[in-house]
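Contents: one structure, followed by commentary.
Here is the naming used below: chain letters follow the sequence lines, and residue numbers restart at 1 for every chain. The analysis underlying the following values was restricted to heavy atoms, covering all of them including side chains, and did not include hydrogens, waters or symmetry mates.
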Amino acid sequence: MPPIAAPRGTNDLLPDASSAWRWLHETHARVVESFGYRLVDSPIFEHTELFERGVGTSTDVVEKQMYTFTDRGGRSLTLRPEGTAGVLRAVMAGNALAEVRPARVHYAGPMFRSERPQKGRYHQFQQVGIECIGERAAELDVEVIEAGWRFITALGLADVDIQVNSLGDLEDRQRFREALLAYYRPLADRLCDDCRRRLEVNPLRLLDCKRDAAPAAAAPLITDSLSATSAAYFDDVLSGLRAAGIAATLNPRLVRGLDYYAHTAFEYWHGSLQGSQNALGGGGRYDGLAEVLGFASTPATGYALGVERLLLVARQMATVPPSPPACEAVVCSVEPPQAAIAADLARQLREAGLRVVLDALDRKLDRKLRAADRLGASAAVIVGEDEARDGMATVRDLRQRTQRRVGVAGLVAAVRATLASPVAG
RNA sequence: GUGGCCAUAGCUCAGCUGGUUAGAGUGCCAGGUUGUGGCCCUGGAGGUCGAGGGUUCAAAUCCCUCUGGCCACCCCA
């Protein structure tokens, strides 16, 4: 019988990988908390309706990418395909806005989409994100874009390309959609299959056809359809970005098709990401979402970033810090009779706050010291027959290859001193 | 969901147009005499060649199906 494999499109995080993840999550929390964002967590599954309404029934995500199941009460539940809808629901349901407005929250966790897996795209993937809920103001859009940019920069990823656009409000977009259709309909015969489908389903997507860029070149731009108010709002965002010293590329073809999106839309691009996965993540203003979910109309803005993609680039750029060693010290017995003493010394060191591995296995000391090396320990505590008899322990500095014998009472101090000693070479 | 490439030891890979007991490096375990490591030497364990079926005297090698990975597209993080 073949061993059971991991399900398709999932990843196991073994220790080296998970330390990279911890680094990323801690960096994200540190950066966005410096902007006053606080951590929230919402369920990994929700009522299917939340995503049908919150992501949009006609989108691919909802049409064919959701992991949906029926629970024992006959309710339809879905593993979350994205974070915003659930976090917004949680914040609104918890009435957090009654306390502080806007509410600034961040989150991190797994999302699920059953798309064909590829590098940087999985069935279960992780996102980190922030949401700023409760006010419509250009400066908040700028704040969100800046926070994401600072985070990516803190990971050591240079050359991030921020793409921004404005989708205007609902009326602007309606007007634009008509202009777009008026332009594209006469060209229908010359469009690729995908684009003919987009013409019906999601006209805004026509603009970034990858097969034939020619039709889009002369197409109308949303920026030309913006009302004076919307245009002014967008100008405020752009000048805010400039004032914050953030270089952003104006991209009039950057779109989001859903009705509850409004005004600012943006993506973080990185040159080393190829083809269809050029974005590290993106975000924008979604003033209409709360209402769609049945809550009081509430403006909001936020971003979501793909952890696998960030790490893909970080590994490529070699900015991921090395995994910390498993422990600081290894306690080795020399022969089986000293095993109990060694275990006791290990316990004392742990109680003093050190990270300690006990090696009381029945094998030769040289193997134990070699294993201690591989664990990355800086110190070894050796207990043999002599030490046991005299109530002593040998504390060895594995980096400097020096050692001294100390009384058991002075062990913690001696190990601490060894760990604090400078690394040779 | 559509199309293409791929799948050999824990890891990285070799194995010519089908031919006997499938190899290397690395890692792992052990030994190089008495309780001292990152190097070196020696030995050992570990693979039903992704799974199932077919062609053949003979399949890791050819054919089909499935599973998984990668790439392009759709879409997205």
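- The P atoms of B/G50 and B/A14 are separated by 13 Å, rounded to the nearest whole Å.
- Looking at heavy-atom distances under 4.0 Å, A/Gln403 makes contact with a base.
- Across the protein-nucleic acid pair, A/Glu115 atom CD and B/C70 atom P stand 14 Å apart, rounded to whole Å.
- Ionic pairing of A/Glu146 and A/Arg150 is present here: one or more N-O contacts between side-chain nitrogen and carboxylate oxygen are shorter than 4.0 angstrom.
- Between A/Glu308 and A/Gly384, it is A/Gly384 whose nearest contact on RNA chain B lies nearer the 5' terminus.
- At the phosphate of B/C70, OP1 or OP2 sits under 4.0 Å from a side-chain N or O atom of A/Tyr122.
- With hydrogens and angles left out, the side chain of A/Arg367 and the base of B/C28 share no donor-acceptor pair within 3.5 Å.
- Look at the P atom in both B/C49 and B/C11: the space between them is 16 Å, to the nearest Å.
- Between the side chain of A/Glu387 and the base of B/G35 there is at least one donor-acceptor pair of N/O atoms closer than 3.5 Å.
- Comment: A/Arg175 engages A/Asp172 in a salt bridge, judged by a side-chain N to carboxylate O separation of less than 4.0 angstrom.
- Distance, A/Leu280 CG to B/C76 C1': 13 Å, rounded to whole Å.
- Across the P atoms, B/U55 and B/U48 are found 25 Å apart, a figure rounded to whole Å.
- Distances from the side chain of A/Arg113 to the nucleotides B/G35, B/A77, B/G69 place B/A77 closest.
- At a cut-off of 3.5 angstrom, the base of B/A30 holds no donor-acceptor pair with the side chain of A/Arg363.
- Here the P atom of nucleotide B/A77 and the NE2 atom of A/His270 are 19 Å apart, to the nearest Å.
- Here A/Leu305 lies out of heavy-atom contact (under 4.0 Å) with every strand.
- Nucleic acid contact for A/Lys368: none, since no nucleic acid atom lies under 4.0 Å from a heavy atom of the residue.
- Side-chain atoms of A/Arg116 lie closest to B/U2 of the nucleotides B/C75, B/U2, B/C76.
- For B/C75, its base sits under 3.5 Å from the side chain of A/Arg121 at one donor and acceptor pair at least.
- For A/Arg399 and B/G38, a side-chain-to-base donor-acceptor distance below 3.5 Å is absent, hydrogens and geometry of angles not being considered.
- Comparing B/A72, B/U36, B/A77 against the side chain of A/Gln118 picks out B/A72 as the nearest.
- The side chain of A/Asp373 sits closest to B/G37 out of B/A77, B/G37, B/U36.
- Here B/C73 sits opposite B/G1 as a Watson-Crick or G-U wobble pair (both hydrogen-bonding atom distances under 3.5 Å).
- Using a 4.0 Å heavy-atom cutoff across all strands shown, A/Leu310 reaches no nucleic acid atom at all.
- Spacing between atom CE of A/Met111 and atom P of B/A77 amounts to 11 Å, rounded to whole angstrom units.
- B/A30 atom C1' lies 16 Å from atom CG of A/Leu365, rounded to whole Å.
- Closest to the side chain of A/Arg8, out of B/C74, B/G68, B/G37, is B/G68.
- Within the shown strands, B/A30 is the pairing partner of B/U42 under the Watson-Crick or G-U definition, both distances less than 3.5 Å.
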Take A/Ile162 and A/Val164, measure what side-chain contact (heavy atoms from CB on, under 4.5 Å) needs, and give me the verdict at the end.
-> CA-CA 6 Å; A/Ile162 303 176; A/Val164 285; 4.2 Å; yes

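- In the set B/C76, B/G37, B/G35, the nucleotide with an atom closest to the side chain of A/Asp366 is B/G37.
- None of A/Val412, A/Val415, A/Val356, A/Val408 except one satisfies the side chain to side chain contact (heavy atoms under 4.5 Å, CB included) rule with A/Leu345; the exception is A/Val408.
- Looking at heavy-atom distances under 4.0 Å, A/Arg374 makes contact with sugar-phosphate atoms alone, never a base.
- Distance, A/Leu311 CG to B/A77 P: 17 Å, rounded to whole Å.
- Map A/Ala304 and A/Val383 each onto its nearest nucleotide of RNA chain B; the residue landing nearer the 5' end is A/Val383.
- Between A/Tyr268 and A/Phe266, the ring centre distance stays below 6.0 Å.
- Rounded to the nearest Å, the gap between the C1' atom of B/G47 and that of B/A7 is 14 Å.
- When each of A/Val313, A/Ile152, A/Leu155 is tested with A/Val160 by the rule side chain to side chain contact (heavy atoms under 4.5 Å, CB included), just one qualifies, namely A/Ile152.
- When rounded to the nearest whole Å, the span between CZ of A/Arg370 and P of B/C39 equals 7 Å.
- Rounded to the nearest Å, the gap between the C1' atom of B/G37 and that of B/G32 is 16 Å.
- When the C1' atom is used for both B/A59 and B/C64, the distance is 15 Å, rounded to whole Å.
- The residue A/Gly129 sits apart from the nucleic acid: no heavy atom pair falls under 4.0 Å.
- Using a 4.0 Å cut-off between a side-chain N of Lys or Arg and a carboxylate O of Asp or Glu, A/Arg89 and A/Glu46 qualify as a salt bridge.
- Protein atom OH of A/Tyr67 is 13 Å distant from nucleotide atom C1' of B/G1, rounded to whole Å.
- With B/C71, B/U36, B/G37 as the choices, the nucleotide that has an atom nearest any side-chain atom of A/Lys119 turns out to be B/C71.
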Mind running side-chain contact (heavy atoms from CB on, under 4.5 Å) on A/Thr78 and A/Phe45 for me, showing each step along the way?
-> CA-CA 5 Å; A/Thr78 294; A/Phe45 59 88; over 6 Å; no

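- Taking the P atom of each, B/C16 and B/C73 are spaced 34 Å apart, rounded to whole Å.
- Nucleotide B/C66 forms a Watson-Crick or G-U wobble pair with B/G50, both donor-acceptor distances falling under 3.5 Å.
- At a threshold of 4.0 angstrom between heavy atoms, the contacts of A/Asn11 with the nucleic acid are absent.
- The shortest distance between side-chain heavy atoms of A/Met66 and A/Arg113 does not fall below 4.5 Å.
- If you take atom P in B/A9 and the same atom in B/C5, they sit 23 Å apart, rounded to whole Å.
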